[in-house]
Amino acid sequence: MGRNGHKRKNNHVVIVTSDATDVRMRQFRIRPWILQVIIIFQCIVIGALIGFVLYEREAWEGQQQRTDTENGTITALEEENAELESQVAGLNAEIGGLNAEIDGLNEKVRILSETVTQKAQTESELSEQLEKQTVPTEFPLTGKTTMEEGTGADGAPICVFTAAKGSMVVATANGSVIVVNEDPEYGNNIWVDHGNGYTTIYRCAGEVKVRQGETVTQGATLFVITEESSKLGYQMMRDGGYVDPMEVLAISG
């Protein structure tokens, strides 16, 4: 009974042998709990390895999926960027065309501006010339002549010229003939209104060459001097009053 009461101890024997004939076989006795610990440890290690492999696989698959997603996003962005670059290139081409158009318009504006400036200058010169041509500054006779200053029958200043046969009495400025009358002292008189306040009066017995209402230019013939009409009485009015003709003639130089 006492012998049967003892708990039986089991030992596990690990035999280590070799293929060599002269090597002795070795035996190691291992207690069961140690073997159990080793087995459990091995299971834990194997489970950990399996878990690590599965985790790494899932992580790799997740990383691969993220990489694919990122690659797809990059590809889409590259395509969008290429499209934007194409649009920018198109816009640059349009801008270049617009700039060329603007340059052309600016050139046209420059030419038009120069043309307008030249036209304005020409018009100003013409206006000055026309204005000058409407001021009675020119000499009223052609050819050689002598002159005396005096006072006419109406008490107004008058210049009396003596000219040779064939000389011509001419308009001293542009204007309109407003009067062609007989003159009690000189034979005939012609009045020319110059449209700027000036009126010139030509008194002569020569051959009349204009009619009332006719427009004359500076230098236009009003009379032709004959043997019987060598005298010319020349008077001038400004704004309705008589002035000395020599004052205006002197202004013209």
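Residues that satisfy the side chain to side chain contact (heavy atoms under 4.5 Å, CB included) test with Thr67, not counting sequence neighbours, are Gln63, Asn71. Scored by the side chain to side chain contact (heavy atoms under 4.5 Å, CB included) test, Ala205 finds Ser229 as partners (sequence neighbours excluded). For Phe223, there are no ring-ring contact (aromatic ring centres under 6.0 Å, His included) partners at least two apart in sequence or on another chain. Residues passing the side chain to side chain contact (heavy atoms under 4.5 Å, CB included) test with Val116, sequence neighbours excluded: none. Legend: residues meeting salt bridge (Lys or Arg N to Asp or Glu O under 4.0 Å) with Glu107, ordered by chain and number and at least two apart, are Arg110. In this structure Ile178 satisfies the side chain to side chain contact (heavy atoms under 4.5 Å, CB included) test together with Trp191, Asp193, Thr199, sequence neighbours excluded. Residues forming a salt bridge (Lys or Arg N to Asp or Glu O under 4.0 Å) with Asp183 (at least two apart in sequence, or on another chain): Arg203. Residues passing the salt bridge (Lys or Arg N to Asp or Glu O under 4.0 Å) test with Lys119, sequence neighbours excluded: none. Scanning for ring-ring contact (aromatic ring centres under 6.0 Å, His included) contacts around Tyr186 gives an empty result, with sequence neighbours left out.
Taking both residues in full, the closest heavy atoms of Ala156 and Gln235 are given as CB-NE2, 3.5 Å, listed atom of the first, atom of the second, then distance. The heavy-atom pair separating Ser230 from Ile225 by the smallest distance is CA-CG2, 3.8 Å. Closest non-hydrogen pair, Lys231 versus Cys204, comes out as O-SG, 3.4 Å. Heavy-atom minimum distance, Pro136 versus His194: CB-NE2, 4.1 Å.
Val248 and Ile201 fall into different hydrophobic clusters, defined by Ile, Leu, Val, Met, Phe, Trp and Tyr side-chain heavy atoms under 4.5 Å apart, directly or through other members. Taken together through direct or relayed side-chain contacts under 4.5 Å among Ile, Leu, Val, Met, Phe, Trp and Tyr, Val224 and Phe161 form parts of separate hydrophobic clusters. Linking ILVMFWY residues whenever their side-chain heavy atoms come closer than 4.5 Å, directly or via other members, leaves Val109 and Ile102 in distinct clusters. Hydrophobic clustering (side-chain heavy atoms under 4.5 Å, transitive across Ile, Leu, Val, Met, Phe, Trp, Tyr) keeps Val170 apart from Val180. Under the 4.5 Å side-chain heavy-atom criterion for Ile, Leu, Val, Met, Phe, Trp and Tyr, Tyr198 and Val216 are members of the same hydrophobic cluster.
Put simply, CD1 on Ile39 and CD1 on Ile44 are 12.0 Å apart, with the number rounded to the nearest 0.5 Å. Put simply, OG1 on Thr69 and CD on Gln65 are 5.5 Å apart, with the number rounded to the nearest 0.5 Å. Within the model, atoms CD of Glu207 and CG of Asn188 stand 10.5 Å from one another, a figure rounded to the nearest 0.5 Å.
Applying the side-chain hydrogen bond (donor to acceptor under 3.5 Å, both in side chains) test to every pair with at least one member in residues 82-102, sequence neighbours left out, gives these pairs: Asn81-Glu85. Here side-chain hydrogen bond (donor to acceptor under 3.5 Å, both in side chains) pairs that include residues 36-56, with residues two or more places apart or in two chains, number zero.
The side-chain heavy atoms of Val179 and Ile190, taken from C-beta on, include no pair separated by under 4.5 Å.
Side-chain polar atoms of Asn174 and Thr217 form no donor-acceptor pair below 3.5 angstrom. Of the N and O atoms on the side chains of Thr200 and Tyr202, at least one donor lies less than 3.5 Å from an acceptor on the other residue.
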Hey, can you pull the donor-acceptor pairs under 3.5 Å for the side chains in residues 139-153, sequence neighbours left out?
unit_1, atom_1, unit_2, atom_2, d
Thr142, OG1, Met168, N, 3.0
Thr145, OG1, Thr162, O, 2.7

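Checked for salt-bridge contact, Glu70 and Arg66 miss the test: no charged N lies under 4.0 Å from a carboxylate O.
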